[in-house]
Each structure stands twice: as C-alpha cells, then as structure tokens.
Amino acid sequence: MVTTVVFRAGCPDCGGRFRLDSDALRLAIGGSSKTTFYAFTCPDCGASVRKPAGERIVELLTGGGVRTMRLHTG
C-alpha cells in the first residue's frame with residue numbers, strides 16, 4: 001500500500017488555500033537560497049506559483065516524494 005503525502009499550499013494571485021499531493025509539486029535545488037524553490041499550478045485559478053524553499057521545506061518536500069531537480073551553476 002502506497003501512502004500519499006499531502007502538502008498545504010496557498011496561491012498569492014487568487015488567495016486560494018488548498019492541499020496538493022506530492023505529484024502536483026516540483027522542487028528545484030540550486031546553488032543558493034535564491035535559486036532553490038518549489039513550484040506548482042494553482043488548482044483554483046491556474047496560475048504558475050513559485051516560492052522559495054529553505055532547508056526545512058526542502059527536507060519536507062524530498063521526504064514526501066516531491067520530484068526534485070538539481071540546478072547546475074555554470
């Protein structure tokens with residue numbers, strides 16, 4: 001049996017508050033705090049949302065099975 005992890009999120013555009021499962025989120029890990037973020041599409045208004053992700057958020061999202069991409073710095 002697979003357990004689905006659900007995260008709470010909010011949209012800065014429409015103000016919607018909702019729950020998203022790990023498949024609805026993407027995490028990008030860059031070389032600094034400015035280039036590390038998570039992203040999702042608001043289920044209420046369809047806006048693309050991108051929010052900064054500190055160490056704790058990165059831990060929670062990766063532990064919850066969110067797909068992660070490592071950004072390379074040139």
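Under the 4.5 Å side-chain criterion, counting only non-hydrogen atoms from C-beta, Cys11 is in contact with Cys45.
Listed by chain and number, the residues in a side chain to side chain donor-acceptor pair (under 3.5 Å) with Arg17 amount to none (sequence neighbours excluded). With sequence neighbours left out, Ile29 forms a side-chain contact (heavy atoms from CB on, under 4.5 Å) with Leu27, Thr36, Val58, Thr68, Arg70.
Across all non-hydrogen atoms, the minimal contact from Ala47 to Asp13 is CB-OD2, 3.2 Å. Nearest approach of Val49 to Gly10, heavy atoms of both residues: CG1-O, 4.4 Å. The minimum heavy-atom distance between Gly16 and Asp44, with the atom names listed, is CA-OD2, 3.6 Å.
Under a 3.5 Å cut-off, the side chain of Arg56 and the backbone N or O of Ala53 do not form any donor-acceptor pair.
There is no path of hydrophobic side-chain contacts, each under 4.5 Å, that joins Leu60 to Val66.
Residue pairs meeting the ring pair (Phe, Tyr, Trp, His ring centres under 6.0 Å) criterion with at least one member in residues 10-56, sequence neighbours excluded: Phe18-Phe40.
Here the CZ atom belonging to Arg26 is positioned 4.0 Å from the CZ atom belonging to Arg67, to the nearest 0.5 angstrom. The CG atom of Leu20 sits 12.0 Å away from atom CZ of Arg8, with the distance rounded to the nearest 0.5 Å.
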task = Starting from the C-alpha separation in whole Å, work towards a yes-or-no answer on side-chain contact (heavy atoms from CB on, under 4.5 Å) for Leu25 and Leu61.
result = CA-CA 9 Å; Leu25 296 156; Leu61 294 178; 4.1 Å; yes
